[in-house]
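Below, each value reflects all heavy atoms present in this structure, side chains not excepted, and no hydrogens, waters or symmetry copies. Numbering of ligands and ligand atoms starts at 1, following listing order. Numbering of residues begins at 1 and proceeds along the displayed sequence.
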Amino acid sequence: MSGLQGGVNIVGAGLAGSLLAVLLAKRGFNVTVYERRADPRIGPADSGRSINLALAARGIRGLELAGLLGRVMPITIPMRGRMVHEHDGTAQLQMYGVRPEEVIHSVSRATLNRVLIEEAAALPNVSFHFGQLCLGLAHDRDVLEFRDEADGRIHHCAAQATIATDGGGSAVRDSLVAREVASVREEPLEHDYKELTIPGRDGKHVMDPNALHIWPRGGFMLIALPNLDGTFTATLFLARVGANSFEQLRDARDVDAFFAREFPSARALIPGLTSEWFEHPQGSLGTVYTRGWHLDGNVLLLGDAAHAIVPFHGQGMNCAFEDCAELMRMMDEHHTWAGLFEAFEQERRPNTDAIARMALENYLEMREAVLDPEYRKRKKQAEELEKQDPGFIPRYSKVMFHPEIRYVEALGTSSK
Ligand SMILES: Cc1cc2nc3c(=O)[nH]c(=O)nc-3n(C[C@H](O)[C@H](O)[C@H](O)COP(=O)(O)OP(=O)(O)OC[C@H]3O[C@@H](n4cnc5c(N)ncnc54)[C@H](O)[C@@H]3O)c2cc1C
């Protein structure tokens with residue numbers, strides 16, 4: 001039995017924070033959640049970035065632990081492989097796994113986040129405070145400082161047992177760095193992203209909805225994930241500067257010509273291309289490596305706040321949900337918050353470093369290798385081997401379908 005007691009504060013009601021609120025409350029803790037955004041149950045969702053995400057086995061395991069699969073799976077769409085769209089308009093499906101259940105699931109970030117918040121808020125021992133921007137730890141005391149976004153009022157709460165899930169730009173992490181408890185290395189990617197819409201026809205998808213579509217073009221790529229309303233969200237990943245870059249796409253004519261040249265089949269499906277291009281933000285990406293995830297038993301960083309990664313393995317949320325599940329498992333083994341937080345970092349950091357590396361490697365695989373006939377041949381051979389020998393599991397499958405295999409072990413496997 002764990003000797004951990006009392007209340008827990010959570011900073012950030014994003015994907016990890018809201019799942020964690022459910023898990024902790026179901027263990028009997030009184031949970032107080034502070035979130036800078038407005039309550040998504042009331043107003044229009046402000047997801048900020050990436051409209052949909054791929055949910056895989058590690059994320060599913062975290063949701064299952066919270067008893068939420070029954071609510072979440074109906075809002076997802078299974079994707080059984082990558083549909084690779086070549087320049088000449090032909091497309092070829094490359095299956096993700098060799099078994100029918102080896103699929104990943106497209107889900108709307110905003111809908112998933114709202115469902116998690118609804119589930120947490122329905123528990124009697126969870127309270128949410130929206131519109132509260134955390135400014136980090138107060139300068140000289142172990143208290144958290146907040147600004148109420150409605151009236152500008154500054155208020156504080158004791159930091160004891162706070163879990164900071166305030167995302168890749170974490171204010172709490174900044175204050176751990178300022179106190180020299182943590183050190184951080186941020187590695188921005190040289191490529192940015194932009195999201196565009198592929199509308200449905202009569203509410204139906206215009207391409208196979210059970211696939212993740214990719215238009216790989218070597219140095220850059222376009223992908224598209226299905227949404228429940230018959231649309232796809234397409235995302236262009238492209239260098240910020242240089243040849244074939246965002247910098248070069250200055251006006252509607254440049255954008256249209258670029259898509260017509262590089263992605264003619266997708267261009268035909270995005271009627272709002274040139275208007276959306278200038279309305280939608282150009283998002284940046286990068287990896288955040290942090291050492292020192294906790295301040296005694298007072299504060300722990302979790303999810304993107306501790307280890308943001310690039311999205312090319314579709315694992316950031318999955319890894320954050322795995323963090324939540326692992327923290328719950330480790331609670332049974334630790335009697336103090338400080339002991340738990342320290343053990344959590346020791347256990348998780350090698351794994352989050354491993355997925356950070358695999359996520360970067362997967363960008364090359366997605367935008368380039370999938371076009372290579374040699375790669376395709378090796379992939380086919382690996383599939384055959386996997387069918388014949390259940391003991392042989394390729395790296396991609398280990399990461400996506402085998403949560404019992406740690407990321408560090410998956411990294412030790414050849415990627416082909
Ligand atoms: C383009 C793109 C595509 C992606 N695709 C995938 C995918 O397919 N699969 C996958 O698993 N992952 C994917 N990810 C990664 C995934 O989005 C993140 O890993 C995940 O959101 C991390 O969850 P989190 O709760 O740690 O952080 P977040 O979801 O970012 O939540 C942080 C929360 O904290 C709040 N907050 C921030 N600062 C403060 C503050 N100072 N005070 C109070 N509240 C604050 C925010 O408003 C937010 O609600 C993708 C990311 C991007 C950018």
Side-chain angles (χ1 to χ4, degrees), residues 9-21 33-40 45-60 62-63 76 79 104-110 112-114 116-117 128-137 144-149 162-175 189 191-195 212 223-225 233-237 280-288 301-324 352 355-356 359 362-363 366 399-400:
N9 300 312
I10 294 178
V11 179
L15 298 171
S18 49
L19 176 63
L20 197 59
V33 189
Y34 299 91
E35 165 60 48
R36 73 171 172 201
R37 291 173 299 160
D39 187 343
D46 162 25
S47 66
R49 72 208 154 111
S50 103
I51 289 153
N52 53 20
L53 306 158
L55 173 68
R58 292 171 203 270
I60 289 175
L63 292 165
T76 68
M79 300 181 290
I104 58 176
H105 306 264
S106 178
V107 66
S108 147
R109 176 193 293 275
L112 176 59
N113 206 167
R114 199 182 57 241
L116 296 177
I117 287 173
F128 277 95
H129 301 277
F130 290 97
Q132 305 302 319
L133 177 75
C134 182
L135 303 171
L137 285 163
L144 289 162
E145 203 163 58
F146 292 93
R147 188 177 72 216
D148 187 316
E149 295 291 68
T162 292
I163 302 180
T165 49
D166 52 342
S170 172
V172 179
R173 187 182 68 227
D174 286 349
S175 44
L189 196 73
H191 290 210
D192 284 353
Y193 73 98
K194 171 125 17 207
E195 291 178 312
L212 188 155
I223 68 166
L225 273 72
T233 302
T235 310
L236 174 69
F237 295 96
H280 294 183
Q282 179 178 327
S284 58
L285 301 164
T287 311
V288 176
L301 306 175
L302 183 145
D304 275 16
H307 49 71
I309 60 177
V310 295
F312 305 112
H313 220 307
Q315 281 292 304
M317 163 188 64
N318 286 288
C319 176
F321 284 0
E322 185 171 78
D323 277 356
C324 298
T352 59
I355 189 56
N362 222 44
Y363 190 24
M366 286 178 85
V399 171
M400 303 307 273

I need the contact type for [X] against ligand 1. Using non-hydrogen atoms and a strict under-4.0 Å cut-off, is it side chain, backbone, both or neither?
X    : value
C134 : both
F146 : neither
T165 : backbone
S170 : neither
Q315 : backbone

Side-chain ([X]) to main-chain ([Y]) donor-acceptor, under 3.5 angstrom:
X    : Y    : result
Q315 : I355 : no
N52  : A224 : no
H191 : F237 : no
S175 : L137 : yes
T76  : S106 : no
T165 : L302 : no
D166 : A171 : yes

So is [X] polar-close to ligand 1, meaning N/O to N/O under 3.5 Å?
X    : result
A171 : no
N318 : yes
G316 : yes

For ligand 1, which atoms sit closer than 4.0 Å to a heavy atom of [X]?
X    : result
Q132 : 42 (N), 43 (C)
R37  : 47 (O), 49 (O)
G167 : 27 (O), 30 (O), 32 (C)
L53  : 4 (C), 5 (N), 6 (C), 7 (C), 8 (O), 13 (C), 14 (N), 17 (O), 50 (C)
G303 : 26 (O)
D304 : 18 (C), 19 (O), 20 (C), 22 (C), 26 (O)
L133 : 40 (C), 41 (N), 42 (N)
A54  : 7 (C), 8 (O), 9 (N), 10 (C), 11 (O)

Between R37 and N113, is there a side-chain heavy-atom distance shorter than 4.5 Å?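 The answer is yes; the side chains approach within 4.5 Å.
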
Side chain to side chain, L112 and M317, heavy atoms closer than 4.5 Å: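 L112 vs M317: side chains touch.
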
Residue list, salt bridge (Lys or Arg N to Asp or Glu O under 4.0 Å) with E322, at least two apart or on another chain: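 Only R58, R348 meet the salt bridge (Lys or Arg N to Asp or Glu O under 4.0 Å) criterion with E322.
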
Once ring pair (Phe, Tyr, Trp, His ring centres under 6.0 Å) is applied, do any residues pair with Y34, and if so which ones, sequence neighbours excluded?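 In terms of ring pair (Phe, Tyr, Trp, His ring centres under 6.0 Å), with neighbours along the sequence ignored, Y34 is linked to H129, F146.
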
When you measure from atom 17 (O) of ligand 1 to each heavy atom in R109, H129, E322, which option holds the nearest one?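 Checking each option, the heavy atom nearest atom 17 (O) of ligand 1 is found in R109.
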
Shortest reach to atom 45 (C) of ligand 1 by a heavy atom, considering only H313, R58, M317, R36: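 Of the listed residues, R36 has the closest heavy atom.
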
